[in-house]
Amino acid sequence: MHRGRWIRSSVALLAALWPLGAAAHVAGGIAGGFGGGFSHPLTGPDHFLAMLAVGIWGAQMGGRSVWTLPVAFPLIMAMGGVAGMAGLPLPGVETGIAVSVLVLGLAIAAVWRPAEPIPLVLIAVFAVFHGYAHGAELPAAADPAAYAVGFVVATGLIHILGILIGIALNKPLQGGLARGLGGLIAAGGIYFLIA
Amino acid sequence: MTIRGRIPAVCVFAGGVALAVILLLPAAVRWPIGNGAAFVVSTYAEALAIAGLGVALSRLPRRPAVAGVLIFVAGVLVGWAVKDRILSALVQRPGSFEYTGFIGPLACILSGFALAVPERHRSVAAPAVAVPAGIAIGFVAALNDPSLGESQFFTGAAMAAFWLLLAPLALLRPVGAAYVAIGGRILASWLIAIGLMLGAAKTFRHQPPAPAAFGVSGPHNPAVLRAPVD
């Protein structure tokens, strides 16, 4: 019984850490279609960690937060995407994304359970930065429709992966693994801030 | 589960296999009916809107669900039938043809709202959204028919659209768990986000960079200025 839990926890941890080895997030030239959009959040460790952290944090808080955060993120991300496509100025996009990774990681590590509106507001602010980065790239895509579908679906799947990881890691060691993973995510955020 | 209860799932599976075979065939040997079916699946926004509507209808009691399906079918036929009227109206206003590109994103957003609204409003919202969704797919299929009015292309498109609506309806209807409701809300947010992004992508279409004049380099080149962030 315990062994099964540990195996599940280990698999979840490995799944969470795997993208850290991915190549740096450099988007150059004309982006592709569905594949380009789908791979954009997956191949960028900063986007990936933030979106994963949204799912883990929601699962850690439990209740309605399990679904309200993953529902709010793509909606607000789309608004940020529209701003990016329109070419509206948004200073410090990359800093905002790095801060989102740091704050979400710290929230998981500290098992922070604030009142429901606070995570939603935080997620909304962070989602604007992530959406802006995607949106700025979208009009240049070879197939914008396929690109948009690809990255929204990938974002959602990362959230779902985060929820599953959060649920799997909440019990063992009284949530210690989830807190440890949150610490690693926060360390990633510091790295993105410095780099 | 009885054999009768499994009939919808078996039909959906058979339709899915047929659609997969059609998509795997090269366009040259698909026949117009196959090209019509492949076209509907390739229109991301419209296809997602129909699938989302199917999920919304699957969460309804029997009567409004059946009404939604019938309204959708009627909408597809109306969209196909009124194509020429709409086109002639669009031709009279220069530049208005561009707006047909917003049909898919709008259908996506409406479908997302039909899924997102609370349970008590969905019985009205989902069948109501079936009207524009059906008309949209009928009109867009008729608009993109390369055979210019031959019924085979449209028949294929209508059948694929019907499958996209019925597949989630038949598969999710027997499942009453709360996580389907949560999945529905997440899907709704995806549909609205995709619709918004697609609409914006069509509004802020990428302008190809102008050929660089002598002496214009680096930061003055529009292509460089529009380089992607991150």
Side-chain angles (χ1 to χ4, degrees), chain A residues 25-31 33-34 37 40 44 46-47 64 66-68 70-79 81-87 90 93-94 97 127 129-153 155-156 159-160 163, chain B residues 39 41-49 51-52 101-109 111-113 115-117 140 177-209 222-230:
Chain A
H25 201 202
V26 179
I30 293 177
F34 183 87
H40 193 248
D46 47 358
H47 289 303
R64 281 161 50 100
V66 176
W67 64 266
T68 51
V71 163
F73 195 94
L75 286 175
I76 307 298
M77 190 179 75
M79 310 282 183
V82 172
M85 279 183 258
L90 183 67
V93 173
E94 292 194 27
I97 290 170
F129 288 107
H130 288 271
Y132 190 93
H134 294 311
E137 197 174 310
L138 200 137
D143 184 352
Y147 187 90
V149 173
F151 89 67
V152 172
V153 170
T155 300
H159 288 324
I160 291 170
I163 293 169
Chain B
F39 166 76
V41 179
S42 69
T43 58
Y44 291 98
E46 283 87 350
L48 281 169
F102 292 97
I103 292 174
L106 199 59
C108 233
I109 292 170
S111 179
F113 275 117
L115 248 176
V117 292
V140 170
Y179 57 80
V180 176
I182 292 173
R185 289 186 188 119
I186 292 174
L187 179 65
S189 72
W190 291 10
L191 288 171
I192 295 169
I194 288 169
L196 283 173
M197 298 293 288
L198 292 184
K202 289 186 190 300
T203 306
F204 308 107
R205 205 165 283 172
H206 177 64
Q207 300 294 322
V224 176
L225 289 173
R226 285 292 298 162
V229 175
D230 193 17

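In what follows, chains are A, B, ... by sequence order, proteins preceding strands, each numbered from 1.
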_Is L48(B) close to chain A through its backbone or its side chain, or both, or neither, when contacts mean heavy atoms under 4.5 Å?_
side chain
*Return the set of residues passing side chain to side chain contact (heavy atoms under 4.5 Å, CB included) with T155(A) (not counting sequence neighbours), or none when no residue passes.*
P41(A), M51(A), F73(A), M77(A), F151(A), H159(A)
Which atom names give the shortest non-hydrogen contact between [X] and [Y], and what distance separates them?
| X | Y | result |
| --- | --- | --- |
| S189(B) | P74(A) | OG-CG, 3.6 Å |
| I194(B) | A148(A) | CG1-O, 4.4 Å |
| W190(B) | V153(A) | CH2-O, 4.1 Å |
| V82(A) | M197(B) | N-SD, 4.4 Å |

*Would one find more than 12 heavy atoms of other residues, nucleotides or ligands at under 6.0 Å from atom CZ of F113(B)?*
no
